[in-house]
Amino acid sequence: MKLAVVWFKRDLRLSDHAPLTQAVQWAQSVGATVLGAYLLEPSQLAHRDMARQHLGFALETWVSLSNEAGALGLPCSVLHGEAVDVFSRLKSAGTEMRIYSHEETGHWESFQRDIAVRRWCDTHAVQWIESPNNAVVRRLSDRDRWSAIWAQRMQSEPLPVPVFAALPRPSAELMRLLHQALDAQWLTHINMPGIPSSCELADSRQLQTLLANCMPDAPADKLSRQRGGHKLAWDLLHSFANGRGREYRSAMSSPITAESACSRISPHLAIGSISIRQAAHWVWAQRAAGIEDAQWRASLKSFESRLHWHCHFIQKLESEPQLEWRNAHRLYDGLRNEGELTPQESERLQAWAQARTGVPMIDACMRMLQTSGWVNFRMRAMLVSFASYHLWLHWTHTAPVLARHFLDYEPGIHYPQFQMQSGVTGINTIRIYNPVKQALDQDPDGEFIARWIPELAHLPPAHRAAPWLAGADLLGQGLSGDQYPKPIVDVEQAGRDARDRVWAVRKKPESRSVAAAVYEKHGSRNPQREGRPAPAKSAAGKASRGKRKASLQGELDFSAPEQMDLFSDE
DNA sequence: AGTGCAGTTGACTTT
DNA sequence: TAAAGTCAACTGCAC
């Protein structure tokens, strides 16, 4: 008896899924049965970055995949247990087994889990065939070549949903063996005739027990987060194209306009209900139709570049998984406290995480995130900047907090971004966001602050960005410490202090050579972004400045590469 | 009309 | 997708 297990990880889709396609091909050639499996692994669910919303979104996506797959004739099941354990049980059903999956770029524990699975497969005569994920390259030796690989991978046609009809149905004998091997409680809601459907999955007592064990302290799922399922992902792209995204490029910066002008497909990309290649082909199809509107054209271009950057960041974690817990540029080690928090640090971390820093734009963005699981990129960068610079907290303490809040949490984007926004990569410009300036720029009417911090809504709009500057007469009218806190730091002073401390490291003579090594391994080689000569100016003084700049370009220019950063697609 | 000057703008540099 | 600082050109206005 032959069995091909398609191990779905963060690639919950049926189309453009190479492992699934390959499994079906093999199964047809040797008469094997294909089983689609989604694993709920206690050790992975217990990771500090995981929250119930992630599992909720994943299961919604899985249910839609599983129902469609069932209708097409592919049996799918959720299997509970550690990966090696689950595969051992499947193998013990006496099958000749193969595992098909994508290469996963995840956090350290998933990396270790994959090593363990690989070792188990090698010693148990099980073939595990992994396919590359999007444009991420395993064992990339030369960063210079990466952009070309991205283009090559993206340009090939997305794979269609395989035809399952010709596959042998799982025999009663196989089903009996699987049930026996997995034990009834390990095999949940297989989508085959006569077996309960998966729609009650998220409410099942089994799952609640599992969650209670793995995430005992996790807050409840977010009620107003986006919902999962590949159909919803495509709906988002359609509404984006039908007007919502027209002003994407100019509207993505303000949290007010970004909410609807951004594509919002990022959670779907994170769980893989749509592939980067599918999204890229969608963009190109829009463009092929011819675009009259300059604004929409610019927005689409902007959107496409984010698909590129998505993989660019994940590639960093793929190439150096230690980035999850170690600075890219080791000279920054020890700058902030990585160990146990002092009581003061702990208080600052709590205030930030609980949206009571007393700095309205920070707290407003954190509250939006807490409620919905999403805020636009610029505001995410500001939240990280504030924690890392003004509050002087090490990113290893703050990254898990936002990981649990981001519905679109993607480890490969999250950690490189946290390092970048904390100024510890050495190859990126140090960006210290001023939350008061951001409030005035992105929320000039104080509308966003009033929405998320009703305690401040009675203040005149001009005072909402920095209520501590408001006169005593205004403060007396109900704005007091017991309603909305005073700022826990002096924003101006803390920003200056942080800048001085980070630049002190950056200016050390040995810093430059380490940065060069970081750039060699991780830096962006996008020719459109880098080494572009400044446009020549006519005036003599400007020409001489231009010349000076040009002469510097032979050296490693730390400000040009990596100028464009993002947490996720917006 | 031309000059001096404070204030503004924009390009560019520094941190 | 930073923010602050520098510098020169420009502007509006008073005289």
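Chain letters run A, B, ... following the sequence lines, proteins first and then strands; every chain starts at 1.
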Let me know the distance between CE of Met361(A) and P of dA2(C), rounded to the nearest Å.
-> 15 Å
Applying salt bridge (charged side-chain N to carboxylate O under 4.0 Å, His left out) to Arg330(A) and not counting sequence neighbours gives Asp333(A)
Grab the CD-P distance between Gln417(A) and dA2(C) for me, whole Å please.
-> 13 Å
Distance in angstrom units between Gln442(A) CD and dA2(C) C1', rounded | 12 Å
Whole-Å distance between dT15(B) C1' and Asp500(A) CG?
-> 8 Å
Just say parallel, tilted or perpendicular for the rings of Trp234(A) and His238(A), cut-offs at 30° and 60°.
-> tilted
Measure the distance from CG on Asp497(A) to P on dT15(B) and round it to the nearest whole Å.
-> 17 Å
Below 3.5 Å is the cut-off: list the nitrogen or oxygen pairs between protein and nucleotides 3-7 of chain C, distance only.
unit_1 : atom_1 : unit_2    : atom_2 : d
dA3(C) : OP1    : Asn434(A) : N      : 2.7
dA3(C) : OP1    : Gln438(A) : NE2    : 3.3
dA3(C) : OP2    : Lys437(A) : NZ     : 3.0
dA3(C) : OP2    : Gln438(A) : NE2    : 3.3

Arg431(A) CZ to dT15(B) P, in whole Å, measures 18 Å
Trp503(A) CH2 to dT13(B) C1', in whole Å, measures 11 Å
Excluding sequence neighbours, so at least two apart, what forms side chain to side chain donor-acceptor pair (under 3.5 Å) with Arg244(A)?
-> Ser239(A)
Not counting sequence neighbours, which residues clear ring pair (Phe, Tyr, Trp, His ring centres under 6.0 Å) with His230(A)? List them please.
-> none
Quick one: list whatever passes ring pair (Phe, Tyr, Trp, His ring centres under 6.0 Å) with Trp503(A), sequence neighbours left out.
-> none
Which whole-number value in Å describes the distance from Ile430(A) CD1 to dT14(B) C1'?
-> 12 Å
Kindly write out the residues that satisfy ring pair (Phe, Tyr, Trp, His ring centres under 6.0 Å) with Trp284(A), not counting sequence neighbours, or none if the list is empty.
-> His281(A)
